[in-house]
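Just below is one structure, and these are the notes that go with it.
Just so we're on the same page: letters track the sequence lines, and every chain starts at 1. Since the structure is predicted, the reported quantities are computational estimates derived from the model, not experimental observations.
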Amino acid sequence: MSQSRYVPPHRGNTSFARPRGRGNGGFGGRWFPDQVSPSFRNDNFDISEKFDELEVIGEGENSGVINFDAYESVPVEVSGNNVPPPVNNSFGETELEEGLKRNIERCKYVKPTPIQRHAIPIASAGRDLMACAQTGSGKTAAFCFPIISGILSLKARSSSGLYSLPRGDGGGVAYPTALILAPTRELSSQIHDEAKKFAFQTGLKVVVCYGGAPAGHQLRNLERGVDILVATPGRLVDFIERERVSLSKIQYLALDEADRMLDMGFERQIRKIVQQMNMPPPGSRQTLLFSATFPTDIQKLAADFLTDYIFLSVGRVGSSTELIQQKVELVEDTDKRNYLMNLLHSQRGPGVNGKKPLTLVFVETKRGADNLHFWLSRNGFAATAIHGDKVQMERERALRSFKSGDTPVLVATDVASRGLDIPHVAHVINFDLPRDIDDYVHRIGRTGRAGKSGLATAFFSHQNIPIAKALVALLQEAKQEVPTWLRDYAQSSSQSDHSHRSHRYGGGKYGGRDFRNFTEPKADNNSYFGTNGNGYHAMEPYNTVTSHGIPSSFTGSSDNFSNAAFGGSYHYAGANTESYGGDHKVEGGALGYASVVPSGWD
DNA sequence: CAGTAGC
């Protein structure tokens, strides 16, 4: 086995060997003892100094030690054909390239999070993947590691003459090998920072492109060569149309916040980039989709981009949230400001290390953000605001000022709701609740990251009745207290989950279910479909899928299913992870069809 | 309807 070959990097002295890791990954430049994870309090003090010593690029804002205990008992669902087994307890077991492993070690990530344990072997095996995992549980590394490792091994082979991987061709056109797309500029920037750390001294070049910043600098970076391009859609399309970037050599495509990227407002751009800009088709590239939420209707859209993919869900979709204490208060619009003021006053005491606790306040509109920011400032609160009508410099300044604690209150629109890893956010306040419950999940996920606890307070007004039902379901799922009045609203409202998407959760609310398992017609003699109850069906996780051939009823029925594979599936509770494979039984038969064999990319 | 996203 490859793990016996793994040789820890030479500088791995034992004082490093303790669980620590990433939120969304990062180097611990600053680190504050974690009030809520006392189990690690005594052995973390040396993170930053060890780190700085290594000169590994800059300051990882998203530093942090993972409280692994918080993740030990999460449910996992995996389905698809021939699912590669997870690794257990260390990155040493993975088949990642040595250069990357060295950086992982430098990052002090000694132990993969659950999403990493499962996703890395799947992605390393070259499989397409649709993955759901809680906010703050380490998704960025989960897709970055296999991509970086994969490119490194391609290059290794290339030097022996097997592959030719063009980078800038001298004609001013950049040919990235991997493309990572994200829905906001700040998130792209964050992913870029992370990926650079992971690719440190490997020779790989990571470049980021997004709007609102001068194009010249980004273009110069592209000209110097790019292996991994991180981008937001608009600027990328611009560069492609100007023929400064070509996607014709793409072998890895990752969509972070994938459901967002395929939702209205982004879907067309993504389809254009992926399907109409010369990118190799599914089967000729590897596609990785990650998010904390993955509504059924979006899963169906996403299937267009994938081939014989594996669906992976770690923890309830839209949940991590047992770590986040959620409160819902009945506050009418006219009372919100006073209520907020009281809340902020009540938490004015010194926070971690004498810093004020950071509070992130979400509002519905850009104008609302400005108004509330102004009002807070006038009332003596050091606040700032971020939204899409601000110029990029202001956006970045606001974020920086919030992270540093200079302005411990940040008023934000949904521009800040997804992916941003801001350490030490103690409290997320939904001043205005979003219309979509998934947005709520992402917003509160700005706290309670990397296994730490957090607090989320929502102001529920009359206008929010449409999401009452979904909110109650979510609170129950996360084992939170549900106010009686809210339960009443939920029962009285005829609204189902959403105004126009009531079917989105298909067969299982928040279940992180693979839609292929409950929307497909049952295949005879394969009773495995539709057996997903609440229990954990103990299953043999791998080598269960051997059959081929797809029922004719599947084949031409829908574009959405053209690439889908229907295969084995397993669930288990995290309690079983340590003895993985020991106590699982085969769940049932499997069916699938021969996957498209990758046939090169040009 | 809001929000994100290029000049």
Side-chain angles (χ1 to χ4, degrees), chain A residues 179-192 208-219 222 229-245 255-274 276-277 291-293 295 298 333 360-373 385-396 398-399 410-420 430-443 445-446 459 461-467 495 498-501:
Chain A
L179 176 64
I180 300 171
L181 292 171
T184 66
R185 298 164 182 173
E186 288 77 11
L187 181 54
S188 295
S189 174
Q190 177 182 298
I191 295 166
H192 172 241
V208 67
C209 296
Y210 54 78
H217 180 64
Q218 295 172 4
L219 287 170
L222 286 170
L229 178 57
V230 186
T232 50
R235 180 60 64 91
L236 176 65
V237 169
D238 183 24
F239 283 179
I240 294 170
E241 287 174 344
R242 287 156 66 175
E243 299 190 309
R244 305 303 298 271
V245 172
L255 302 189
D256 198 7
E257 308 296 341
D259 58 330
R260 184 78 187 76
M261 302 304 279
L262 294 170
D263 202 350
M264 293 180 342
F266 269 127
E267 184 195 351
R268 275 177 59 172
Q269 288 176 83
I270 300 304
R271 277 194 189 280
K272 182 175 181 180
I273 291 167
V274 177
Q276 293 166 26
M277 297 200 116
S291 184
T293 53
I298 304 288
D333 290 348
L360 182 50
V361 183
F362 282 103
V363 296
E364 193 57 17
T365 66
K366 292 178 274 200
R367 178 150 184 193
D370 281 335
N371 289 342
L372 187 57
H373 169 212
I386 185 170
H387 61 69
D389 274 354
K390 285 181 175 279
V391 299
Q392 194 56 26
M393 285 253 288
E394 294 176 310
R395 286 167 58 157
E396 283 164 17
L399 204 53
L410 178 64
V411 184
T413 61
D414 275 323
V415 70
S417 65
R418 282 177 177 261
L420 297 187
N430 274 287
F431 188 88
D432 301 319
L433 272 163
R435 289 171 188 71
D436 189 324
I437 193 70
D438 288 344
D439 289 332
Y440 172 83
V441 168
H442 287 274
R443 287 178 177 187
R446 293 322 95 209
F459 296 171
S461 86
H462 196 74
Q463 298 182 330
N464 304 124
I465 291 175
I467 64 154
Q495 297 281 345
H498 309 270
S499 44
H500 52 287
R501 254 197 201 157

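In this model, the phosphate group of B:dG6 is approached by a side-chain N or O of A:Arg185 to a distance below 4.0 Å at OP1 or OP2. Contact check, A:Thr413 against B:dT4: a side-chain N or O comes under 4.0 Å of OP1 or OP2. Look at A:Arg268 and you won't find any side-chain N or O under 4.0 angstrom from OP1 or OP2 of B:dT4.
The distance from atom CD of A:Gln269 to atom P of B:dG6 is 8 Å, rounded to the nearest whole Å. Residue A:Glu241 contributes atom CD, which lies 13 Å from atom P of B:dG6 at whole-angstrom precision. Atom pair A:Ile240:CD1 and B:dA5:C1' shows a separation of 14 Å (rounding to whole Å applied). We find that CG of A:Asp263 is positioned 15 Å from P of B:dA5, with the value rounded to whole Å. Distance A:Leu181 CG to B:dG6 P: 11 Å, rounded to the nearest Å. Atom CZ in A:Phe362 sits roughly 12 Å away from atom P in B:dT4 (whole-Å rounding). Following rounding to the nearest Å, A:Glu243 (CD) and B:dG6 (P) show an atom-to-atom distance of 20 Å. Across the protein-nucleic acid pair, A:Arg443 atom CZ and B:dG3 atom P stand 11 Å apart, rounded to whole Å.
Among B:dA2, B:dA5, B:dG6, the nucleotide with an atom closest to any side-chain atom of A:Thr365 is B:dA2. Listed nucleotides B:dA5, B:dG6, B:dA2 differ in distance to A:Arg395; the shortest reach to its side chain belongs to B:dA5.
If you check every strand for non-hydrogen atoms under 4.0 Å, A:Gly211 touches sugar and phosphate atoms only. Base contact: A:Asp238 has a heavy atom under 4.0 Å from a base atom.
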*Check against side chain to side chain contact (heavy atoms under 4.5 Å, CB included), A:Glu257 and A:Thr184*: CA-CA 10 Å; A:Glu257 308 296 341; A:Thr184 66; over 6 Å; no
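Distance alone, capped at 3.5 Å, places no donor-acceptor pair between the A:Gln276 side chain and the A:Arg271 backbone.
Taking a cutoff of 4.0 Å between a charged side-chain nitrogen and a carboxylate oxygen, A:Arg418 and A:Asp414 do not qualify as a salt bridge. Between A:Asp432 and A:Arg443 there is no salt bridge, since no side-chain N of the basic residue sits under 4.0 Å from a carboxylate O of the acidic one.
Side-chain atoms of A:Arg260 come within donor-acceptor range of the base of B:dG3, with a qualifying N/O pair under 3.5 Å.
For the residue pair A:Asp439 and A:Ser417, no side-chain donor N or O sits within less than 3.5 Å of a side-chain acceptor on the partner.
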